[in-house]
Amino acid sequence: MKLSKKVTDFLANMPSKSISPKMLATNLGLADNASDYKHLLKTIAQLEENKAIEVTAAGNLALPQPEAEVLEGTFSANPRGFGFVRIGENEPDVFVKRGNTKFAMNEDTVEVKITSPANALKGNEAEGKVVAIKSRAVTSLVGEFYAFDPEEKKNSGSLLGYVINKNKKIPFRTNISKKGLHPEVGDIVRVDVTHYPDRDFPEVLQGIVTEIIGKATDTGIDVLEVLESLGIPSPFPEDVIAEANAVPDEIDEKDIIGRVDYRNEITFTIDGADAKDLDDAVHIKALDNGNIELGVHIADVSYYVTEGSALDREALNRGTSTYVTDRVVPMLPERLSNGICSLNPRVNRFTQSCVMEINSDGHVVNYQISQSVIKTTERMTYSDVNEMLAGNQEFLDKFAVIAESVEQMAKLHEILLAMRARRGSIDFETQEAKIIVDKLGKPIEIQVRKRGTAEMMIESFMLIANETVARSFAIRELPFIYRVHEHPKADKLTRFIDFASVFGIPLKGTPEKMQSKDLQDFMLKIKGQPGEMVLSTMLLRSMQQARYDEDNLGHFGLAAEYYTHFTSPIRRYPDLLVHRLIRAESHPTTEVIEHFEEIIPEVAKLTSSRERRAIDAERAVEAMKKAEYMESYVGTEYDVTISSVTRFGFFVSLPNTIEGLVHMSTLGDDFYNFNERDLTLKGERTGKVFRMGQPVKVKLVKADKITGDIDFEHVDSDLDVVEAVEKRSRDSRGGRDSRDKRPDWKKNKDKDKKPFHKKGGKPTRKK
């Protein structure tokens with residue numbers, strides 16, 4: 001009988017659920033002979049690879065549990081090795097521990113077996129184990145080329161060196177074959193992946209270089225490398241540029257026929273001082289019945305970017321413009337976004353307008369959505385309008401033609417703000433960084449981005465326009481793309497409620513039936529309290545991510561029944577699609593309805609994904625530039641606030657939004673227990689406690705631009721909190737035992753690892 005059959009037969013008939021490899025060897029009479037035992041370990045490894053047996057978290061062996069559910073989904077990787085599998089938009093994510101990912105990479109399509117179902121009452125999320133990788137999301141990557149060290153070079157065989165990429169969700173280096181281009185050390189290169197991590201080579205990819213993009217020392221290459229590593233294209237294809245160049249610079253008068261003419265209204269744009277793509281303008285006036293007319297006019301990009309054109313295909317592929325520290329990667333070529341589609345002052349521009357009649361309660365009682373033409377009176381900046389609202393006479397005189405409009409807009413903003421507050425819209429207090437760089441792209445200052453009344457006023461107007469457009473389609477039951485924000489998942493809300501109770505602040509409602517109004521009331525209770533920023537951050541992390549969908553699922557955060565994105569078609573594809581739908585479904589035919597019913601679900605899915613990609617890029621560049629900025633301050637001490645606490649230490653934040661880690665290993669010779677319920681670390685010997693929101697003193701010890709990591713060490717000070725120490729038995733100290741608990745066969749394989757070279761298309765051990 002084959003040894004593999006003996007193993008599976010024994011596991012099938014043993015009285016216990018699992019058994020260690022050593023005990024299995026003893027029972028099979030293979031423990032005394034080293035050769036027999038080694039053969040058994042290899043057999044175990046093969047059986048596990050073929051999914052004939054399983055290895056438990058404790059390293060024991062067992063037969064697969066047939067009743068365990070296997071689901072297909074998309075893997076979302078965390079840089080620390082664990083991840084989540086997204087099963088579906090309406091299904092809870094499945095948590096996958098480090099070691100159970102089967103080397104899945106970010107956005108891979110995988111099969112996951114549920115090992116522990118979710119328990120909403122206990123606040124536990126579903127846990128699983130990846131059992132198969134159906135398709136790989138990453139087929140190429142970008143990074144910097146490095147040479148092997150002398151020892152690696154001796155055993156490198158057919159390999160040139162390796163590439164490190166800046167996508168933290170791909171935490172593997174990539175060994176480079178000699179078959180492709182031969183880069184020099186310090187080159188930024190594009191690599192086609194030919195081999196993915198597996199059990200034999202768990203921490204490496206392998207590939208060939210297909211393009212040398214530039215040198216690591218080139219100005220701006222660091223940001224370009226991040227963008228390229230996430231698959232965000234910068235140059236536009238030639239056919240896209242050709243279509244953009246064919247668009248006229250000015251509007252032909254004959255094309256205005258059939259459009260609503262708002263050129264006689266006092267209409268103006270309000271944007272940042274450095275903005276060039278002006279895609280929204282507003283007008284306002286008081287009506288005889290006491291209501292207010294608000295016109296929101298949005299650049300009619302869909303008039304120039306027609307469905308199926310090269311411009312349209314490229315815009316859909318990009319999904320959104322990506323804004324990073326010193327540049328923007330636009331969704332559309334600048335000839336359009338900064339030219340004919342930009343609502344520049346005192347020139348005719350085609351728009352789609354949502355003109356609303358709003359009563360004193362902030363409700364839209366009448367509206368008109370139409371193709372239109374405008375001619376803006378002024379190009380205003382946020383700072384200019386804020387000066388006017390502050391009563392600065394110089395600015396009031398300079399922009400006298402719009403002074404009355406600005407005053408009316410400020411009053412309408414307060415009405416709309418009160419309306420949203422009454423219905424339960426949640427206002428999160430967050431801080432955004434503004435990174436100032438020099439001509440070489442080096443960060444020289446980091447500020448907290450400030451929002452004045454002008455910024456919030458325009459936001460209010462865009463929100464009400466988006467709601468109005470969404471409602472117009474929902475009540476007609478026409479195909480549409482909505483911006484949705486679903487109810488928070490019960491397991492995450494349960495954890496938050498439990499955490500908030502530690503601060504003595506109760507929440508109304510249950511996790512399953514919590515209303516946005518309940519959370520808004522909670523935010524008002526904590527306003528000005530010591531734990532405000534901590535609780536606000538925790539609540540924000542408990543929310544689901546907003547996305548696009550063909551079904552109207554409402555917007556929980558805004559407490560809005562209807563919501564879409566209509567106001568930024570220059571930089572977001574869903575807005576462009578909404579404009580197209582307004583035009584096409586003004587007089588819908590069966591053919592038109594069927595067409596959009598077919599394409600909208602895929603567009604919603606793709607643009608949601610592209611939005612997440614852009615956010616990842618923006619965060620990665622911000623982390624890199626913040627680390628680069630802090631490199632000059634290593635050794636400096638700071639009074640900071642603890643922003644989050646984990647099993648391995650705690651993160652701290654500086655007033656300018658910079659965050660860094662204080663690792664557990666730097667906290668002295670004490671052992672710290674992690675309390676997951678109230679997110680604290682407490683020293684067993686000293687009683688020293690670290691919790692979210694607590695002020696501490698730290699010293700900057702490391703800032704790494706390449707990884708984006710910023711590391712601090714705790715400095716003893718009067719800010720430290722010390723509590724009474726509880727006496728505990730040694731056996732109760734969770735996480736104290738650092739012995740290697742991996743299965744014997746895995747330890748044995750690690751000992752045998754040797755450098756490898758490529759042979760026959762796959763990595764092989766060099767003999």
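Bear in mind that the values here come from a model prediction, so they are computed numbers and not experimental data. Just so you know, these numbers use all the heavy atoms, side chains as well, and skip hydrogens, waters and symmetry mates.
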N/O donor-acceptor pair under 3.5 Å between [X] side chain and [Y] backbone:
X      : Y      : result
His485 : Gln544 : yes
Ser608 : Tyr548 : yes
Asn317 : Arg313 : no
Thr194 : Gln206 : yes
Thr115 : Glu127 : yes
Thr101 : Lys97  : no
Asp187 : Val189 : no
Asp149 : Glu151 : yes
Glu602 : Ile599 : no
Arg318 : Val329 : no

*Which residues share a side-chain hydrogen bond (donor to acceptor under 3.5 Å, both in side chains) with His39, sequence neighbours left out*: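 Once residues adjacent in sequence are excluded, His39 has no partner under the side-chain hydrogen bond (donor to acceptor under 3.5 Å, both in side chains) criterion.
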
*Sequence neighbours excluded, which residues qualify as side-chain hydrogen bond (donor to acceptor under 3.5 Å, both in side chains) partners of Glu111?*
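side-chain hydrogen bond (donor to acceptor under 3.5 Å, both in side chains) check on Glu111 returns nothing, list empty.
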
Return yes when atom [atom1] of [X] has more than 12 non-hydrogen atoms of other residues, nucleotides or ligands closer than 6.0 Å, and no otherwise.
X      : atom1 : result
Glu72  : CD    : yes
Asn50  : CG    : yes
Lys702 : NZ    : no
Lys153 : NZ    : no

Atom [atom1] in [X], atom [atom2] in [Y]: separation rounded to 0.5 Å?
X      : Y      : atom1 : atom2 : value
Thr666 : Asp711 : OG1   : CG    : 8.5 Å
Leu61  : Ile53  : CG    : CD1   : 5.0 Å
Leu159 : Lys178 : CG    : NZ    : 8.0 Å
Met624 : Thr707 : CE    : OG1   : 11.5 Å
Lys134 : Thr109 : NZ    : OG1   : 9.5 Å
Ser140 : Ile208 : OG    : CD1   : 11.0 Å

*Cation-pi check, Arg173 to Tyr162: give yes when NZ or CZ is under 6.0 Å from the six-membered ring centre and within 45° of the ring axis, no otherwise.*
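Yes; both conditions hold, so Arg173 lies above the ring face of Tyr162.
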
Work out which heavy atom in [X] is nearest to a heavy atom in [Y]; give both atom names and the distance.
X      : Y      : answer
Ser542 : Met538 : OG-O, 3.0 Å
Arg136 : Pro197 : NH2-O, 4.0 Å
Glu314 : Pro233 : OE2-CG, 4.2 Å
Asn33  : Ser35  : OD1-N, 2.8 Å
Ile19  : Phe10  : CD1-CE2, 3.6 Å
Pro574 : Gly319 : CD-O, 4.1 Å

Is a salt bridge present between [X] and [Y], judged by a nitrogen-to-oxygen distance below 4.0 Å?
X      : Y      : answer
Glu676 : Arg647 : yes
Arg86  : Glu107 : yes
Lys605 : Asp549 : no

Should [X] and [Y] count as side-chain neighbours, where that means a heavy-atom distance under 4.5 Å?
X      : Y      : result
Val185 : Tyr146 : no
Ile133 : Phe75  : no
Tyr196 : Val204 : no
Val652 : Phe712 : yes
Val226 : Val324 : no
Val7   : Leu47  : yes
Leu679 : Phe674 : yes
Ile221 : Leu224 : yes

*Apply side chain to side chain contact (heavy atoms under 4.5 Å, CB included) to Val191 and Glu211, showing your working.*
CA-CA 7 Å; Val191 179; Glu211 181 185 357; over 6 Å; no

_I'd like to know whether Ile176 forms a side chain to side chain contact (heavy atoms under 4.5 Å, CB included) with Val163, so could you lay out the CA-CA distance, the side-chain angles of the two residues, the decisive distance to 0.1 Å, and finally the verdict._
CA-CA 7 Å; Ile176 301 302; Val163 163; 3.8 Å; yes

*asked:* When you compare the side chains of Asn78 and Arg98, does any donor N or O come within less than 3.5 Å of an acceptor on the partner?
replied: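 No.
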
*asked:* Hydrogens and angles aside, do Ser643 and Glu659 bring a side-chain donor and acceptor to less than 3.5 Å of each other?
replied: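 Side-chain D/A pair, Ser643 to Glu659: present.
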
*For Asn106 and Val138, what are the C-alpha separation, side-chain angles and deciding distance, and is it a side chain to side chain contact (heavy atoms under 4.5 Å, CB included)?*
CA-CA 8 Å; Asn106 197 53; Val138 175; 5.9 Å; no

_Please evaluate residues Lys102 and Asp198 with respect to the criterion salt bridge (charged side-chain N to carboxylate O under 4.0 Å, His left out), reporting the C-alpha separation (whole Å), side-chain torsions for both, the decisive distance (0.1 Å), and the verdict._
CA-CA 7 Å; Lys102 205 177 178 64; Asp198 56 25; over 6 Å; no

_Pair Leu40-Asp36, side chain to side chain contact (heavy atoms under 4.5 Å, CB included): steps then yes or no_ = CA-CA 6 Å; Leu40 174 63; Asp36 289 344; over 6 Å; no

_Centroid-centroid distance, Tyr672 to Phe690, less than 6.0 Å_ =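 Centroid distance Tyr672-Phe690: below 6.0 Å, so yes.
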
_Per the side chain to side chain donor-acceptor pair (under 3.5 Å) rule, what does the pair list look like for residues 614-625, sequence neighbours excluded?_
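Checked against side chain to side chain donor-acceptor pair (under 3.5 Å) - neighbours excluded - the pairs reaching residues 614-625 are Asp222-Lys625, Glu622-Lys626, Lys625-Glu628.
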
*Run the numbers on Lys215 and Glu184 for salt bridge (charged side-chain N to carboxylate O under 4.0 Å, His left out), then give the verdict.*
CA-CA 9 Å; Lys215 291 284 186 185; Glu184 297 178 355; 3.0 Å; yes

